[in-house]
A.B. asks: 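Please read through the structure below; I'll follow up with questions.
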Amino acid sequence: MHLFESIIDANHRAVAGDASAGLHPADFADALPVVALTCVDPRLNAYFPNALALPAEQFIWLRNAGNIITSTLSSTMRSLALACAVKGGREIAVIGHSDCQICKTPTIALLDKLKALGVDRSRLPENLNEFFGMFGSERQNVIKACDLIRNSPLIGPKIPVHGLLLDLDTGRLDWLVNGYETLTTQMSPGLPGNVALPKVTDPMEPLGAFTEFSMGEMKFPEMKIGEVASRVGEVLTQEGSKLEVRMARAIGPAAESVQQVAAQVAHYAETNWPKPPPVRVKPTSPPPAKKIPPPPPIRPRPDWRRP
């Protein structure tokens, strides 16, 4: 049984209530230490390395927000490579967790939070999702990270890369990517890309009879390049015309059938669909005109003439 097979088995038994669940690290000395990439969520502090049943000195812990890897040559990838090359890491595990706040933060909310910290949008990269590595699924994020690590030129091809997901409510580890199976598949000699190339001692040997080829014996066709180009243009024009005719023949009946169906639908609708009742407008008589009394007569004042 491999190291992480024992780790998963011990973890599941411990979550089920088995007080004796655990493993003996000395039995897996060739697979230690383990390099683990997790999120920066402080809730993980209580789980690692206990959830893996490993002693702290055999647990190389790398962390970033969301355990995100953006490319095969990212800064996180360099840290993983150095952890293996300098610190002697034998196996890599990307461990995501449930209820990840990075996963639950949409880009608009991230912009608002950055703005509240005084970070202006104009100073940020155009593609925020790509730059920050935002994701919508904890499981897919772990699987993507494992795939990038496995294809990175900085990571040795014999190092297993595992993907795990931790349930913060129970402490249970689910195995998303089995690094042993992936490693076996990639190292299989029967797969494309892993076939050994034949050794060639003489660089001219694969050429065989062509080694005696003489440039002076090479004969070129007598046809001129301009004539070839002209003939090619004529052929292309002829083939283009034929293609237009074939397309017209193929599309024409379809267009006619569409028009026929549309006409049949319109005829059926006019014949069978109920018609709304006519709207009748009741004639209304204008209200009787009110009689306006005539204004009082204007009477001259007695003093309108001066003596």
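In this text, all values refer to a predicted model and were calculated from it rather than measured experimentally.
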A.B. asks: Would you say T182 and P160 make side-chain contact, with heavy atoms under 4.5 Å?
C.D. replies: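 Sidechains of P160 and T182: no contact.
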
A.B. asks: Decide if atom CD of E5 counts as having more than 12 heavy atoms of other residues, nucleotides or ligands within a radius under 6.0 Å.
C.D. replies: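 Atom CD in E5 is packed in, count exceeds 12.
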
A.B. asks: Could you check whether any side-chain N or O of H12 sits under 3.5 Å from a backbone N or O of L173, counting only pairs where one atom can act as donor and the other as acceptor?
C.D. replies: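 Between the backbone of L173 and the side chain of H12 there is a qualifying donor-acceptor contact (under 3.5 Å).
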
A.B. asks: Is any side-chain N of the basic residue among D99 and K104 closer than 4.0 Å to the acidic one's carboxylate O?
C.D. replies: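 Looking at K104 together with D99, the answer is yes, because their closest N to O distance falls below 4.0 Å.
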
A.B. asks: Please check this pair: side chain of N45 against backbone of P42, looking for a donor-acceptor N/O pair closer than 3.5 Å.
C.D. replies: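 Present.
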
A.B. asks: Under a 4.5 Å cut-off applied to non-hydrogen side-chain atoms, are D167 and Y47 in contact?
C.D. replies: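 No - every pair of side-chain heavy atoms lies 4.5 Å or more apart.
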
A.B. asks: Looking at G66 and F135, what are the two nearest heavy atoms and their distance?
C.D. replies: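 G66 and F135 have their closest heavy atoms at O-CE2, 3.8 Å.
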
A.B. asks: Ignoring hydrogens and angles, tell me if any N or O in the side chain of R63 forms a donor-acceptor pair with the backbone of C39 under 3.5 Å.
C.D. replies: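 Yes, the answer is positive, given that a donor and an acceptor are paired below the 3.5 Å cut-off.
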
A.B. asks: Would a 4.5 Å heavy-atom cut-off, applied to side chains only, mark I149 and M77 as touching?
C.D. replies: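 I149 reaches M77 side chain to side chain.
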
A.B. asks: Quick one: do the T107 and N129 side chains pair a donor with an acceptor below 3.5 Å?
C.D. replies: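 Per modelled atom types, T107 and N129 side chains form a pair under 3.5 Å.
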
A.B. asks: Backbone N or O of R172 within a donor-acceptor pair of the N11 side chain at under 3.5 Å?
C.D. replies: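 No, because the side chain of N11 does not come within donor-acceptor range (under 3.5 Å) of the backbone of R172.
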
A.B. asks: Report yes or no: do V142 and Y180 belong to one cluster of Ile/Leu/Val/Met/Phe/Trp/Tyr joined by side chain heavy-atom distances under 4.5 Å?
C.D. replies: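 Each belongs to a different hydrophobic cluster.
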
A.B. asks: What I'd like to find out is whether the side chain of R43 reaches to under 4.5 Å of the side chain of Q101, using heavy atoms alone.
C.D. replies: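 Touching, per the 4.5 Å side-chain cut-off.
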
A.B. asks: Within a reach of under 6.0 Å around CZ of R123, are more than 12 heavy atoms found that belong to other residues, nucleotides or ligands?
C.D. replies: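 No, because the 6.0 Å sphere around CZ of R123 holds 12 heavy atoms or fewer from other groups.
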
A.B. asks: Do N64 and T76 have side-chain N/O donor and acceptor atoms under 3.5 Å apart?
C.D. replies: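 Judged by distance alone, the side chains do pair up.
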
A.B. asks: Among the clusters formed by ILVMFWY side chains lying less than 4.5 Å apart, do I8 and F59 turn up in the same one?
C.D. replies: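 Per the 4.5 Å side-chain linkage, I8 and F59 are co-clustered.
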
A.B. asks: Ignoring hydrogens and geometry, is there a side-chain-to-backbone donor-acceptor pair from H162 to N178 under 3.5 Å?
C.D. replies: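 Side chain of H162 to backbone of N178: no pair is present.
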
A.B. asks: May I have the step-by-step check of side-chain contact (heavy atoms from CB on, under 4.5 Å) for I68 and F132, ending in yes or no?
C.D. replies: CA-CA 8 Å; I68 295 170; F132 287 107; over 6 Å; no

A.B. asks: Are any non-hydrogen side-chain atoms of I92 and L37 less than 4.5 angstrom apart?
C.D. replies: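 The answer is no; the side chains never approach within 4.5 Å.
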
A.B. asks: Does any non-hydrogen side-chain atom of R139 lie less than 4.5 Å from one of L165?
C.D. replies: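 Side-chain contact under 4.5 Å: yes.
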
A.B. asks: Would you mind reporting whether L164 and D174 have side-chain heavy atoms less than 4.5 Å apart?
C.D. replies: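 Result no, sub-4.5 Å side-chain heavy-atom pair not found.
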
A.B. asks: Report the residue from L62, I95, V40, N141 that forms a side chain to side chain contact (heavy atoms under 4.5 Å, CB included) with N67.
C.D. replies: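 Result: among L62, I95, V40, N141, N141 is the only option passing the side chain to side chain contact (heavy atoms under 4.5 Å, CB included) with N67.
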
A.B. asks: Are side-chain heavy atoms of F4 and V34 found at a separation under 4.5 Å?
C.D. replies: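 Contact flag for F4/V34 side chains = yes.
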
A.B. asks: Donor-acceptor check, side chain of T72 to backbone of S152, threshold 3.5 angstrom: yes or no?
C.D. replies: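 A pair under 3.5 Å: no.
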
A.B. asks: Might you point out which heavy atoms bring L44 and L168 nearest each other, and give the distance in Å?
C.D. replies: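 For L44 versus L168, the nearest heavy atoms are CD2-CD2, 3.7 Å.
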
